[in-house]
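Inspection log for the structure reproduced underneath, given as C-alpha cells.
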2 protein chains.
Amino acid sequence: MALTLRDVAQAAGVSVATASRALAGSGLINQATRTHVAQVAAAIGYRANPLARALKTRKSRLIGLTVHNLENTSFRTLAAVVQQRMQALGYQVILSISSDDAAQEREILATLLDHGIDGLISVPTGANGRQMTDLEQTGIPVISAVRHIDDAHLESVLAADFEGAYAGTRHLLELGHRRIGLIVGISETTSGKERLAGYTRALSEAGVALDPALIHQGRYAPETGVEGAEAVLGATPPPTALFVANHESSVGVLRVVADKGLRVPDDLSLLFYEDTPWFQWLSPPMSVVDSGASELANLAVERLLQRLDGAANSGREFRIGSRLVQRASCRAPKES
Amino acid sequence: MALTLRDVAQAAGVSVATASRALAGSGLINQATRTHVAQVAAAIGYRANPLARALKTRKSRLIGLTVHNLENTSFRTLAAVVQQRMQALGYQVILSISSDDAAQEREILATLLDHGIDGLISVPTGANGRQMTDLEQTGIPVISAVRHIDDAHLESVLAADFEGAYAGTRHLLELGHRRIGLIVGISETTSGKERLAGYTRALSEAGVALDPALIHQGRYAPETGVEGAEAVLGATPPPTALFVANHESSVGVLRVVADKGLRVPDDLSLLFYEDTPWFQWLSPPMSVVDSGASELANLAVERLLQRLDGAANSGREFRIGSRLVQRASCRAPKES
DNA sequence: CTGTTAGCGCGTTCAA
DNA sequence: TTGAACGCGCTAACAG
C-alpha cells in the first residue's frame with residue numbers, strides 16, 4: 001500500500017490538513033513547517049494520489065486527445081507533441097482513436113467526460129458538435145485541431161490550406177508551368193475544399209484556364225495517387241507539373257511516375273503537401289508545401305493551456321501559415 | 001454536475017447500496033429490483049464515476065502504454081492496436097513517450113503508478129528493470145513489448161529477429177547471391193544483435209565467407225542508410241544484393257541507390273525489414289521481412305488481458321514469427 | 001497559522 | 001435481500 005497524507009502528517013508531527021497545505025502550496029502556511037513537511041514527505045517517499053485529489057477538486061490533470069488514426073503525419077505529430085508537452089506540465093493524456101467514425105467518437109467523448117478530463121484536444125469527425133459544445137458547457141475546454149466544426153462554438157487551430165495550395169500553385173506557375181495537374185482530397189473535407197480553391201484561384205489570377213482533366217479528387221489513400229496520377233498524366237497535352245495536395249496519395253503517385261519512366265524534375269515537376277522526413281530522402285529530394293503540423297500541435301497546446309488557466313472560449317479560428325519548402329523536384333518546364 | 005448513484009437510488013426508491021449492487025452486478029440482489037434500477041439509471045442517463053470507483057476498488061480501468069516514439073512503424077502499430085482493443089473493453093490508455101530515455105521513463109513509470117493504472121504495456125528502454133519489477137510486485141502486471149529486459153522477470157513479446165534475418169538472408173542466398181550487403185542496427189539493441197546473428201548464421205551454413213566490408217551497423221535513422229549504402233555498395237567486388245535490416249534507414253538507402261543509378265532488381269536486389277504500407281507502393285514493390293508488428297501488438301494485449309484476469313506472471317518470452325513477403329525487388333544476380 | 005470536521009462518489013462491511 | 005454507516009485519500013470550510 002502506498003503512503004498517504006496521513007503518514008506524512010504523522011511523521012512530520014502535524015495534522016493532515018497542514019500537510020496538505022504544505023504540499024499543495026497553499027499560501028496560508030508557515031514557511032518553516034512547509035519546508036519541514038516537504039522534507040519529511042520526500043524522505044519517506046510520499047507521492048500524492050491523483051485520484052483522490054481529483055475526486056475532491058474535480059481537476060484530474062488528465063486531458064483527452066482524439067485523432068482519426070496514427071498513420072497520418074499531422075495526427076501523429078499532434079499526438080507526440082501534445083503528449084510530450086502536457087506530460088512535462090504534469091498532465092497525462094488519454095489517447096483515443098476515432099477512426100473518423102461519428103459513433104465511436106460519441107462514445108469516446110462520453111467516456112472521456114466520465115474520467116473527468118480537464119480538457120480535450122480533438123481532431124473531430126465533425127458529426128458531434130453537439131457533444132463538444134456540451135463539454136464546453138460542463139466547463140471542459142475543447143480545442144478542435146486540423147478540422148473545423150461548423151455547428152459548435154469552439155476554438156480551432158487549422159492549417160492555412162487555401163493559402164498553402166495557392167502558394168504551391170503560384171510557385172509552379174512562376175517556374176513557367178501552364179499545364180499543372182492537381183491531386184487533392186475530396187471536397188467533403190475542409191482541407192480538400194480549400195486546397196482546390198487555392199489552386200483554382202492561383203490559376204485564374206495567372207490567366208490560365210482551368211482544365212478539369214488535370215484535376216483528380218479522392219480520399220486520403222495511396223490508391224488515390226495511382227488513379228489520380230494515371231488519369232492526370234494521361235491528359236492531352238500532358239501536364240508538365242503535378243501538385244500532389246493529398247499527402248496519403250504521395251506514394252501512389254511516385255509509383256506511377258516511376259512506372260512511366262518519367263524523370264523528376266526533368267520530365268515532370270512534382271510538388272507534395274505536408275512535409276514528412278522521408279520526402280527529403282527521396283531522389284531527388286521532394287519540394288513540398290509544409291502545412292506546419294508541429295506548429296499547429298504546439299498552438300493547440302498553447303490554446304488549451306490558456307483555457308485551462310481560465311481564459312474564456314473565444315470561438316476563434318487560428319490558422320497556421322503554410323510554408324513552401326523548395327528542394328529539387330521542381331524546375332521550369334522543358335521548351336517545347 | 002453529473003448524476004450520482006444517490007440520484008439513481010432516489011429515483012428508483014431504493015438505497016444507494018442497493019443501487020450500487022444492482023448496477024455493479026453483485027449476485028446478492030433481487031432480479032426484479034435489479035432490472036428496475038437498471039432501467040431507472042438508463043432513463044435518467046446515469047454514468048458511474050470511474051474516479052470514485054477507482055478510489056474505492058483500486059481498479060482504475062486505466063492502463064499505461066510507453067513507447068520510444070510514434071515514428072517507428074512497430075511502435076505506432078502497437079499504440080494503435082493497444083488503444084483500440086483496450087478501449088473496446090472499457091479501458092482507457094494513457095500514452096507516454098519515453099524518447100528511449102531512462103530518466104524520462106523512470107518518471108513516467110512513477111506517474112503512471114500514481115494514477116493507479118491496472119496494467120502496463122511498455123517498450124522499455126531497458127534501464128529501469130527495477131521499477132518494472134516493483135510495479136509487478138505492487139500487483140500491476142507489465143508486459144514488455146518489442147524489447148527485452150534482462151534484469152526483470154517480465155513477460156515479454158518480441159519479434160523473432162534471428163529467424164527473420166536468417167530467412168531473409170537465405171532467400172537471397174537461394175536466389176544465387178553470394179555477395180550480400182547488410183545494413184543493421186547497432187548491437188546494443190536486441191534486434192540489431194539478433195538480426196546480425198541470423199545473417200551470419202545463414203551465410204556460414206551456406207559456406208559463404210563473411211566479409212566485414214559488406215556489413216554496416218548504425219542507429220535507426222535515415223542517415224545510417226546513406227552512410228551504410230555508400231560504404232557497402234562501394235565494396236569490391238560490390239554486392240549483388242543488399243539486406244536492409246534497419247527499417248529507419250530504408251529511405252536513406254533508396255536515395256543512394258537512386259543516385260548511383262542502380263536499377264532494382266536488375267542491378268541490385270533489395271530486401272527490407274519491417275513492413276510498412278508504402279513499401280508495396282514503391283517501384284518496384286519492395287520485398288520485405290515482415291516482423292509481424294500487428295500480431296505482436298495483439299499478443300501483448302492478450303497477455304495483458306490474461307494477467308489482468310488473474311493469471312500469474314510466467315516471465316515467459318513470446319516470439320512472433322517473421323514472414324518473408326516476396327514482392328519484386330529481389331531476383332537472381334546477373335551472370336558475370 | 002494550524003487542527004478538526006465534512007464530504008467528493010463510490011463499494012462494502014454489518015445488521016436487520 | 002436490503003439499508004445504514006463507514007472509509008478509500010484528499011482538500012476545503014470553519015474554528016481556534
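Below, read A as the first sequence line, B as the second, and so on, with proteins coming before strands; counting in each chain starts at 1. Quantities reported herein were computed from a predicted structural model and do not represent experimental measurements.
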Checklist entry - Any idea which of C:dT2, D:dT11, C:dC10 is nearest the A:Ser20 side chain? => result D:dT11
Checklist entry - So do B:Ser144 and B:Met132 actually touch side chain to side chain, heavy atoms under 4.5 Å? => result no
Checklist entry - Among C:dC10, D:dC10, D:dA4, which is the nearest nucleotide to the side chain of B:Ala17? => result D:dA4
Checklist entry - With no hydrogens and no angle check, do the side chains of B:Glu302 and B:Gln306 hold a donor and an acceptor under 3.5 Å apart? => result no
Item to check | Proximal nucleotide (of C:dT2, C:dC10, D:dT2) relative to the B:Asn30 side chain | outcome: D:dT2
Item to check | Interatomic distance where CD belongs to B:Gln31 and C1' belongs to D:dT2 [whole Å] | outcome: 15 Å
Checklist entry - Closer than 4.0 Å, any side-chain N/O of B:Thr33 to the OP1 or OP2 of D:dT2? => result yes
Checklist entry - Whole-Å distance between D:dC10 P and A:Asp7 CG? => result 9 Å
Item to check | Candidates C:dG11, D:dG9, C:dT2 - which lies nearest the side chain of A:Ala52 | outcome: D:dG9
Checklist entry - So do the side chains of A:Leu120 and A:Ile143 get within less than 4.5 Å of each other, counting heavy atoms only? => result no
Checklist entry - For B:Asn49 and D:dC8, what is the distance between atoms CG and C1' respectively, to the nearest whole Å? => result 13 Å
Next on the checklist: The criterion is side-chain contact (heavy atoms from CB on, under 4.5 Å); which residues satisfy it with A:Ala12, sequence neighbours excluded?
Outcome noted: A:Val14, A:His36, A:Val37, A:Val40
Next on the checklist: At less than 4.0 Å, is any side-chain N or O atom of B:Tyr46 found next to OP1 or OP2 of C:dG9? Yes or no.
Outcome noted: no
Checklist entry - Taking atom C1' of D:dG7 as reference, at what distance in whole Å does atom CZ of B:Arg53 sit? => result 17 Å
Item to check | Salt bridge present between B:Glu136 and B:Arg307 (N-O < 4.0 angstrom) | outcome: yes
Checklist outcome for this item: Rounded to whole Å, the NE2-P distance (A:His115 to C:dC10) equals 13 Å
Next on the checklist: Of the options D:dG3, D:dG9, C:dT2, whose atoms approach the side-chain atoms of A:Thr18 most closely?
Outcome noted: C:dT2
Item to check | Closest listed nucleotide, where the reference is the side chain of B:Leu5 and the choices are C:dC10, C:dG9, C:dG3 | outcome: C:dC10
Next on the checklist: Once hydrogens and angles are ignored, does a donor-acceptor distance under 3.5 Å link the base of D:dG3 to the side chain of B:Arg21?
Outcome noted: yes
Item to check | A:Ser96-B:Gln87 side chain donor-acceptor pair, cut-off 3.5 Å | outcome: yes
Checklist outcome for this item: Closest of D:dC14, C:dG11, D:dG3 to the B:Ser15 side chain is D:dG3
Next on the checklist: Measuring from the side chain of A:Thr4 (C-beta onward, heavy atoms only), which nucleotide among D:dG3, C:dG11, D:dG9 has the closest atom?
Outcome noted: D:dG9
Checklist outcome for this item: Of the candidates C:dG11, C:dC8, D:dC14, the side chain of B:Lys56 sits closest to C:dG11
Checklist entry - Within this structure, what is the CG-to-C1' distance between A:Leu3 and D:dC8, rounded to whole angstrom? => result 15 Å
Next on the checklist: Side-chain N or O of A:Arg58 versus OP1/OP2 of D:dT11: is the shortest distance under 4.0 Å?
Outcome noted: no
Next on the checklist: Under 4.0 Å, heavy atoms only, any strand: does B:Val14 hit a base, just the sugar-phosphate, or nothing?
Outcome noted: sugar-phosphate
Next on the checklist: From CZ of A:Arg61 over to P of D:dC10, roughly how many Å is that when rounded to an integer?
Outcome noted: 16 Å
Item to check | Atom pair distance, as rounded to whole Å: NZ in A:Lys59 and P in D:dA12 | outcome: 11 Å
Checklist outcome for this item: Per nearest nucleotide of DNA chain D, the residue lying toward the 5' end, B:Ala19 or A:Arg6, is B:Ala19
Next on the checklist: Once you apply a heavy-atom cut-off of 4.0 Å, does A:Ala48 come out as touching a base, just sugar-phosphate, or nothing?
Outcome noted: sugar-phosphate
